[in-house]
Structures are given as structure tokens and as C-alpha cells.
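Report on one structure; see the data block that follows.
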Amino acid sequence: MPSPSPSGGLAVLRNRNVSFYLSSRFLGTLAVQMQSVAVGWQVYQITGSLFDLGLIGLAQFAPFLVLILWAGHVADTHNRRNIVMLCLATQLLCSLLLVAFTLSGSKVVWPVFAVLVLYGSARAFMMPASQAVLRNLVPNHEFSQAVALSSSSMQVATIAGPVVGGLLYVLGPNVVYTVSSVLLALSVLLMSGTHSAQQARAKAPVSWNTLLEGLRFVWSRPIVLGAISLDLFAVLFGGVTALLPAYAHDVLHAGPELLGLLRTAPGAGAALCSIALAFYPITRRVGAWMFGGVALYGLATVTMGLVHSFPIALAALFLLGAGDMISVYIRHLLVQYETPDEIRGRVSAVSAVFIGASNELGEFESGVTASWFRLVPAIIFGGVATLVVTATWMKLFPVLSRMDRFPHHEAEEAARAKAQ
């Protein structure tokens with residue numbers, strides 16, 4: 001079982017830089033979540049196509065895949081805080097472009113996909129920089145609490161964003177995009193107030209050798225490779241959230257307000273789980289916790305496909321988010337603790353490829369399978385595939401499934417024992 005943190009889960013908030021970083025991340029995530037509800041509902045209203053819902057994910061993932069290795073190198077050679085600020089400013093531009101699209105009254109959706117390509121490009125550079133910069137903001141003994149609170153702030157925004165976005169959509173998608181623009185502007189200002197510690201910057205010139213350094217590092221660490229690839233393939237097949245606009249409209253016969261609640265449920269489960277992890281971090285049976293979280297994700301997805309009830313769908317999505325949070329928490333700690341600072345951006349970029357693939361590419365996969373097999377069978381298929389992947393990875397990576405403690409904890413304990 002997780003043990004309580006002796007320093008308290010909120011002590012890290014006394015660090016001004018962390019507070020500003022978390023506030024910036026909260027507002028930025030809130031804006032993006034509001035915007036995602038509006039984009040999904042608006043596109044589905046215009047085209048009525050399940051395939052187009054999948055294209056929303058693909059439009060964000062394609063530039064992400066092309067740029068992410070370069071973005072990791074940039075995060076290791078340039079100021080990570082400045083990179084995050086520039087990416088937030090680009091996301092602000094995307095929101096303003098969506099306002100312009102809506103006010104134009106256009107009934108073709110390719111401009112929306114073009115904006116999402118720009119957003120995916122900004123996200124490619126932001127993910128490795130924002131993940132790596134947190135390690136420069138807090139001392140080692142507070143890092144696990146900072147990770148949990150960072151996840152909490154993001155998940156609380158994930159709770160509130162879809163609800164607020166769904167309610168504001170009643171006034172029109174342009175209202176959602178305008179409010180998102182204001183929140184992103186505030187996010188940029190807050191990030192500008194942070195001052196991270198000096199980072200160890202890579203000095204080697206850019207080349208294929210330096211770009212692939214993160215991939216080589218991950219490949220050489222079976223525990224890290226198993227953790228991030230498990231998330232990739234499990235969530236790739238279980239990307240049910242992309243289908244929620246159609247699920248709400250066609251299965252539950254609900255409107256954008258209830259869609260907002262459905263989109264909120266995974267964030268609520270993840271947020272409560274991450275808050276618990278801030279006070280009771282996982283220190284034993286790490287592998288069992290991780291595989292259990294992914295299995296819970298798959299079971300919740302299957303439940304959604306089999307039982308067509310709004311309360312049960314909310315509960316299933318809540319558990320889905322909690323299970324995913326456990327996996328995210330463990331994977332993030334494994335990657336950040338085991339990575340030297342001078343290549344942390346590139347390793348975070350590799351992790352981001354896996355995360356981005358499991359999310360955006362998973363959304364595209366869900367849209368394609370739904371257009372082939374119909375909506376409900378596609379959801380059930382995704383949940384079953386997630387469970388199959390979980391069982392397979394337990395066999396492929398036994399060192400991960402049997403892992404008791406994080407490797408750095410074992411090293412610290414051995415050092416203390418030797419000193420005594």
C-alpha cells in the first residue's frame with residue numbers, strides 16, 4: 001500500500017516557482033479542455049461524421065510525431081521556461097483563429113483541422129519542455145509530491161474544463177473559444193513569472209545522433225521502455241473519449257451539457273487519485289499498481305460499451321481516469337528520476353511520442369473502428385484490446401510487473417545502509 005509522505009503533500013507549494021508553474025498549467029489545461037469539447041461538438045454538428053471525430057486526433061498527432069524529436073533536442077539546448085511560454089502563446093493564437101472561423105459561419109471543417117495542426121506543433125515543443133522543467137523547479141526530496149500536484153492541477157482543470165465548455169457552448173462555440181483565449185493569455189503571464197534553476201544543457205550540435213539519444217536511452221532501460229510502451233498500446237486501443245460526442249448524442253441522446261459532464265468524469269477520477277498520491281505516494285509494489293491501473297482502464301471502457309446508462313457511463317469514466325492516473329504517475333517518476341538532466345528533454349520527447357500516440361492517434365483509431373464496426377462495438381473492442389495488451393506486457397516485461405520499489409529508492413536506501 002502507498003505510505004504517507006512525511007513532509008506533507010502541499011509543502012512544495014511554498015516554492016513560488018512551483019505555484020506559478022502549477023497555476024499556469026492549470027489555466028492552460030482548463031482552456032484546452034474547454035476548447036476540445038467545443039471543437040468535437042462543432043465538427044460533429046457540421047459533418048455528422050464519426051471519421052471526422054477521429055481526424056481531430058490525427059490532425060494534432062501528425063505534426064507532433066514529425067516534430068517531437070527535434071522538440072526534445074530544443075528542450076535540452078534552450079531555456080525550457082521560454083519554450084513553454086512560446087508554446088502557450090501559440091495555443092492562444094489557435095484559440096483566436098477558432099473564434100474567427102466560428103464568426104465566419106463556414107460550413108466546411110478543414111480550417112479547424114488546419115488550426116489543430118498548428119496546435120499539435122506547439123504541443124510537440126511544449127510537452128518535453130514542460131515535463132523536464134519541473135525537475136529544475138524543486139529539490140529531489142519534493143519531486144514526487146510536485147509530480148502528483150502537477151497532475152492534480154491538470155486533472156482539476158480537466159474536470160472543470162469540459163463542464164464549463166459544455167455550458168458555454170449553449171451561448172455559441174465562439175464564446176468558448178474567446179474565454180479560452182483569455183485563460184491562455186493569463187497562463188503565459190504566470191509562466192513568465194517563474195525562474196527555474198540552472199539546467200544542464202546539451203552542447204553537442206544537432207544531428208541524428210543527438211536527436212536519437214533519448215530513444216537510445218529509453219531502449220537501454222527495460223523498465224522505462226515497458227512503462228511507456230504499455231501506456232502507448234493500452235490507451236491506443238482504449239481511446240473512448242474521442243467518441244464521447246457521438247456516444248452522448250447517439251447512444252445517450254444527450255446534448256453538449258451532458259457531454260461536458262462525461263468529458264469531466266475521467267478528469268475527476270484522475271484528480272482525486274492524484275491528490276491521494278500527493279499524500280500517499282506509491283513506494284511499494286510499483287509494478288502491480290501500474291498494471292492494475294491499466295487493467296482498470298480497460299474494464300471501465302468495456303463497461304461503457306456494454307451498459308448504456310448515463311450514471312454508469314459517468315462512473316466508468318471516473319474509474320477510467322483513476323486507473324490512467326496511476327499509470328501516468330508511475331511512468332512519469334520512472335522517466336524523470338532515471339534520466340540525466342542534460343538529456344531529460346530528449347527522453348521526455350520520446351515519452352511524449354508514446355503519450356501523444358496513445359491519445360491523439362488513439363482518437364483516430366477509435367474514429368476509424370467506429371466508422372467500420374459502429375460506435376458501441378468499437379468501444380467494447382477497445383476495452384478488450386487494452387486488457388489483452390496489459391496481460392501481454394506483464395509477460396514481455398516481467399522485471400516491470402514484479403518491481404517492488406522505484407530503482408532510485410533502492411539506491412538511496414543502499415547508500416544510507418552503507419553510510420551507517
Side-chain angles (χ1 to χ4, degrees), residues 1-6 9 143-152 155 218-238 240 266 268-303 315-339 351 354-355 358 362 382-414:
M1 292 294 291
S3 57
S5 169
F143 184 60
S144 63
Q145 281 75 38
V147 168
L149 288 174
S150 176
S151 297
S152 298
Q155 296 302 336
V218 169
W219 191 260
S220 70
R221 299 294 195 278
I223 289 177
V224 176
L225 176 62
I228 64 177
S229 61
L230 171 65
D231 185 83
L232 165 65
F233 289 103
V235 182
L236 174 65
F237 293 113
V240 67
L272 290 179
C273 182
S274 61
I275 290 170
L277 289 170
F279 290 93
Y280 298 90
I282 294 172
T283 57
R284 303 299 300 268
R285 297 180 59 81
V286 170
W289 276 100
M290 181 169 189
F291 280 99
V294 178
L296 179 60
Y297 185 100
L299 287 171
T301 303
V302 172
T303 301
L317 288 166
F318 179 91
L319 293 175
L320 179 150
D324 189 46
M325 185 70 250
I326 293 172
S327 172
V328 168
Y329 172 83
I330 293 173
R331 183 193 66 239
H332 189 82
L333 287 179
L334 282 172
V335 171
Q336 297 300 323
Y337 272 130
E338 297 301 304
T339 305
S351 179
F354 284 76
I355 297 168
S358 64
V384 172
T386 298
L387 294 174
V388 171
V389 167
T390 303
T392 302
W393 255 239
M394 291 181 71
K395 297 291 186 181
L396 291 176
F397 296 93
V399 64
L400 179 60
S401 62
R402 293 196 299 263
M403 185 170 60
D404 183 37
R405 293 177 178 269
F406 288 105
H408 80 281
H409 284 161
E410 295 177 350
E412 289 172 355
E413 288 185 358

Scan the side chains in residues 389-396 for donor-acceptor partners under 3.5 Å anywhere in the protein, sequence neighbours excluded, and list what turns up.
residue	atom	partner	partner atom	Å
T390	OG1	T386	O	2.9
T392	OG1	V388	O	2.8
W393	NE1	S229	OG	2.8

Heavy-atom closest pair, residues A316 and A300: O-CB, 3.1 Å
Closest approach of L320 to P266 (non-hydrogen atoms, all atoms of both residues): CD2-CB, 4.2 Å
Using side chain to side chain contact (heavy atoms under 4.5 Å, CB included) as the criterion, list what pairs up with [X], not counting sequence neighbours.
X    : answer
L299 : L387
F318 : A268, L272
A315 : none
A322 : C273

Find the distance between [atom1] ([X]) and [atom2] ([Y]) and round it off to the nearest 0.5 Å.
X    : Y    : atom1 : atom2 : result
S401 : L230 : OG    : CG    : 10.5 Å
L296 : F291 : CG    : CZ    : 15.0 Å
W289 : M403 : CH2   : CE    : 14.0 Å
F397 : L225 : CZ    : CG    : 4.5 Å
T303 : L319 : OG1   : CG    : 8.5 Å
I326 : M290 : CD1   : CE    : 11.0 Å

Side-chain donor or acceptor of T301 paired with backbone N/O of Y297 under 3.5 Å: yes
